[in-house]
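Take a look at the structure below.
Letters go in sequence order (proteins before strands), and every chain restarts at 1.
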There are 2 protein chains.
Amino acid sequence: MAPKMSDHYKQKRRKDILEAAEKIFIEKGYEHTTIKDIYEEVGLSRGGVYQYFSNKRDLFESLIGDKLEDIYQLTADALEDGEDPWTLLKKRMFGEEQHPSEYNDSLAPVVLEFFVSGRTDESLSVYARDRYHLGVSMYENIIQQGESQGIFTPRFSPGTIARAIISFSDGIAVDSALAGEEVQSKEQSELLFDMIQYMLGIR
Amino acid sequence: MAPKMSDHYKQKRRKDILEAAEKIFIEKGYEHTTIKDIYEEVGLSRGGVYQYFSNKRDLFESLIGDKLEDIYQLTADALEDGEDPWTLLKKRMFGEEQHPSEYNDSLAPVVLEFFVSGRTDESLSVYARDRYHLGVSMYENIIQQGESQGIFTPRFSPGTIARAIISFSDGIAVDSALAGEEVQSKEQSELLFDMIQYMLGIR
DNA sequence: TTTAAAAACGACATCAGTGTCATTTTTATT
DNA sequence: AATAAAAATGACACTGATGTCGTTTTTAAA
């Protein structure tokens with residue numbers, strides 16, 4: 001006499017909503033996306049979405065949530081396992097192919113929009129700082145590891161280089177969002193690549 | 001029998017509104033600023049503001065308008081007058097003191113927010129591209145001038161280096177908006193400074 | 001001082017989006 | 001099949017912001 005819905009079912013629905021939401025967020029940006037846009041995209045009703053998420057912010061945070069923590073953990077593990085810091089750094093900066101390519105992380109500008117437009121909200125800005133900090137640490141750890149192995153001879157402190165990588169990448173993401181092709185993200189990634197080699201004293 | 005208000009008066013009022021608006025925009029960000037916030041800050045009524053601007057976007061575009069064109073023109077003139085490209089480049093990147101300092105252009109993140117959150121609006125994105133293009137040209141011209149004078153020996157095309165300066169600066173602006181001190185903008189500006197010397201082949 | 005034009009006011013109608021909740025539908029278990 | 005719990009629906013009340021417009025106030029010229 002008890003119809004416990006399978007966890008699997010709930011998870012699937014949740015994922016459906018998040019996928020639809022991601023599509024819409026990329027299309028319309030964070031601020032201009034409404035709950036209506038989302039439930040129409042999933043093919044659910046208003047209440048249907050509210051069953052799973054309590055508002056747009058909750059939905060968005062779920063969407064981007066954990067992603068960063070995952071990659072941080074993955075990086076820590078890789079370092080632990082003795083993966084080459086230079087290879088690892090390239091992977092984190094440019095993806096598995098370890099090489100600059102056309103810019104494609106279309107959610108990145110939305111994430112930045114989310115944090116920038118919400119920067120006056122105290123709780124959000126705490127969250128933003130945490131995320132930023134985690135990103136810095138990730139790169140910093142890789143660089144420190146490489147330094148201690150004698151692979152890198154950094155011209156600036158690992159923290160500063162880590163922050164520079166993040167700023168530069170964020171800048172490319174933002175500019176791509178607003179000027180598209182014009183930004184020549186591939187060429188810029190190549191420049192970033194060259195700059196990092198210089199900053200880390202790699203031949 | 002005709003009370004033509006002095007242009008001076010109108011200009012002053014307009015400027016008052018823009019100044020108040022700038023303050024509020026910096027405080028609350030673009031999206032979260034309302035017309036009400038603004039007329040309360042100036043000490044005017046709702047209708048009062050609408051007398052001068054037709055909506056928030058119009059107001060914001062007036063605020064940032066021309067600024068970029070002005071600096072572009074100023075740069076073109078300076079090059080024409082034979083100003084040293086390296087000095088000029090440093091001025092444009094770091095202000096008159098020509099040296100990296102704490103990040104302080106508090107309107108910059110608001111400008112980025114404006115363009116990023118409005119990036120789906122066709123007319124706005126045209127405007128954004130124009131602005132971006134103008135910025136690229138400005139830096140590109142300086143670099144080309146320096147190259148032809150034999151002061152710079154660029155490792156990448158002037159256009160790519162120009163775009164990199166913009167991306168990096170935008171990145172610092174965005175990150176500062178959302179993580180504040182944490183971003184260590186001064187250190188990053190120093191790194192940017194060093195990187196540019198390297199990219200331009202300056203001893 | 002009168003006067004007519006411009007500036008400033010603020011109430012108002014309108015709109016878009018939000019989150020809720022009583023009701024209906026679907027589901028898994030008995 | 002019967003049933004009870006969970007999921008899904010969509011109408012609803014509410015909110016906050018927008019731009020307008022008839023009215024009042026201020027202004028500078030006559």
Side-chain angles (χ1 to χ4, degrees), chain A residues 1-21 23-25 27-63 110 113-114 117-118 120-121 123-124, chain B residues 1-21 23-25 27-63 110 113-114 117-118 120-121 123-124:
Chain A
M1 51 153 150
K4 174 84 169 72
M5 304 296 280
S6 73
D7 255 23
H8 173 262
Y9 175 87
K10 276 201 283 192
Q11 282 313 110
K12 165 131 183 30
R13 179 103 310 176
R14 203 184 137 87
K15 212 180 127 225
D16 288 346
I17 297 173
L18 288 177
E19 270 169 16
K23 189 182 162 208
I24 302 290
F25 279 131
E27 240 171 74
K28 315 187 77 177
Y30 180 77
E31 288 291 340
H32 295 149
T33 291
T34 68
I35 299 286
K36 189 172 178 232
D37 294 327
I38 294 166
Y39 67 71
E40 279 174 354
E41 176 71 25
V42 216
L44 262 184
S45 69
R46 184 161 196 82
V49 168
Y50 277 99
Q51 187 91 18
Y52 294 85
F53 302 96
S54 52
N55 52 42
K56 185 167 73 160
R57 175 174 164 182
D58 177 32
L59 213 159
F60 190 77
E61 285 184 10
S62 302
L63 181 58
V110 189
E113 182 197 351
F114 172 70
S117 71
T120 40
D121 178 314
S123 73
L124 220 175
Chain B
M1 51 156 151
K4 173 83 169 72
M5 307 295 280
S6 72
D7 254 25
H8 173 262
Y9 175 86
K10 275 202 285 193
Q11 282 313 110
K12 165 130 184 29
R13 185 77 346 156
R14 202 184 137 87
K15 209 180 129 227
D16 287 346
I17 296 173
L18 288 177
E19 270 169 14
K23 190 182 162 208
I24 302 290
F25 278 131
E27 238 171 76
K28 317 186 78 179
Y30 179 77
E31 287 292 340
H32 295 148
T33 291
T34 68
I35 299 287
K36 188 171 178 232
D37 294 327
I38 294 168
Y39 67 70
E40 278 175 353
E41 176 73 25
V42 217
L44 262 183
S45 69
R46 183 161 197 79
V49 168
Y50 276 98
Q51 187 92 17
Y52 294 85
F53 302 97
S54 52
N55 50 45
K56 186 167 72 160
R57 175 173 163 183
D58 176 33
L59 213 160
F60 190 77
E61 286 184 10
S62 301
L63 180 60
V110 189
E113 182 197 353
F114 172 70
S117 71
T120 40
D121 178 313
S123 73
L124 221 174

Between the protein and nucleotides 17-23 of chain C, list the N/O to N/O atom pairs that are separated by less than 3.5 angstrom.
from, atom 1, to, atom 2, distance (Å)
C:dT18, OP2, A:Ile35, N, 3.4
C:dG19, OP2, A:Tyr50, OH, 2.5
C:dG19, N7, A:Arg46, NE, 2.8
C:dG19, N7, A:Arg46, NH2, 2.9
C:dG19, O6, A:Arg46, NE, 3.0

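Using a 4.0 Å cut-off, no side-chain N or O of B:Gln51 falls inside it from OP1 or OP2 of C:dA8.
Rounding to whole angstrom units, CZ of residue B:Phe53 and C1' of C:dA8 are separated by 15 Å. In this structure, B:Lys10 atom NZ and D:dT27 atom C1' are separated by 13 Å, rounded to whole Å. For the pair B:Arg14 CZ and C:dA6 C1', the interatomic distance rounds to 17 Å; values are reported in whole Å. Whole-Å rounding puts the A:Asp16 CG to D:dA7 P distance at 14 Å. At whole-Å resolution of the value, OH in B:Tyr9 and C1' in D:dT27 are 9 Å apart. Distance CZ (B:Arg13) to C1' (C:dA7): 9 Å, rounded to an integer number of Å. Put simply, NZ on B:Lys12 is 22 Å from P on C:dA6, counting in whole angstrom units. Between the P atom of C:dT26 and the CG atom of A:Leu44 lies a distance of 14 Å, rounded to the nearest Å.
By the side-chain hydrogen bond (donor to acceptor under 3.5 Å, both in side chains) test, A:Thr120 pairs with no residue at all, sequence neighbours left out.
Backbone-only contact: A:Tyr52 has heavy atoms under 4.0 Å from sugar-phosphate atoms and none from a base.
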Table please: side-chain donor-acceptor pairs of residues 27-34 of chain B below 3.5 Å, with sequence neighbours left out.
from, atom 1, to, atom 2, distance (Å)
B:Lys28, NZ, B:Asp37, OD1, 3.3
B:Lys28, NZ, B:Asp37, OD2, 3.2
B:Glu31, OE2, B:Ser117, OG, 2.7
B:His32, ND1, A:Ser117, O, 3.0
B:Thr33, OG1, B:Gly29, O, 2.7
B:Thr34, OG1, B:Lys36, N, 3.4
B:Thr34, OG1, B:Asp37, N, 3.1
B:Thr34, OG1, B:Asp37, OD2, 3.2

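Listed by first and then second residue, the side-chain hydrogen bond (donor to acceptor under 3.5 Å, both in side chains) pairs that reach into residues 50-59 of chain A are A:Ser54-A:Asp58, A:Arg57-A:Glu61, A:Arg57-A:Asp121, A:Arg57-A:Ser123, sequence neighbours excluded.
Contact between A:Val110 and A:Phe25 at its shortest, heavy atoms only, is CG2-O, 3.7 Å. Closest heavy-atom contact between A:Ser62 and A:Phe53: OG-CE2, 3.7 Å. The two atoms that bring A:Leu59 and A:Val49 nearest to each other are CD1-CG1, 4.2 Å, heavy atoms only.
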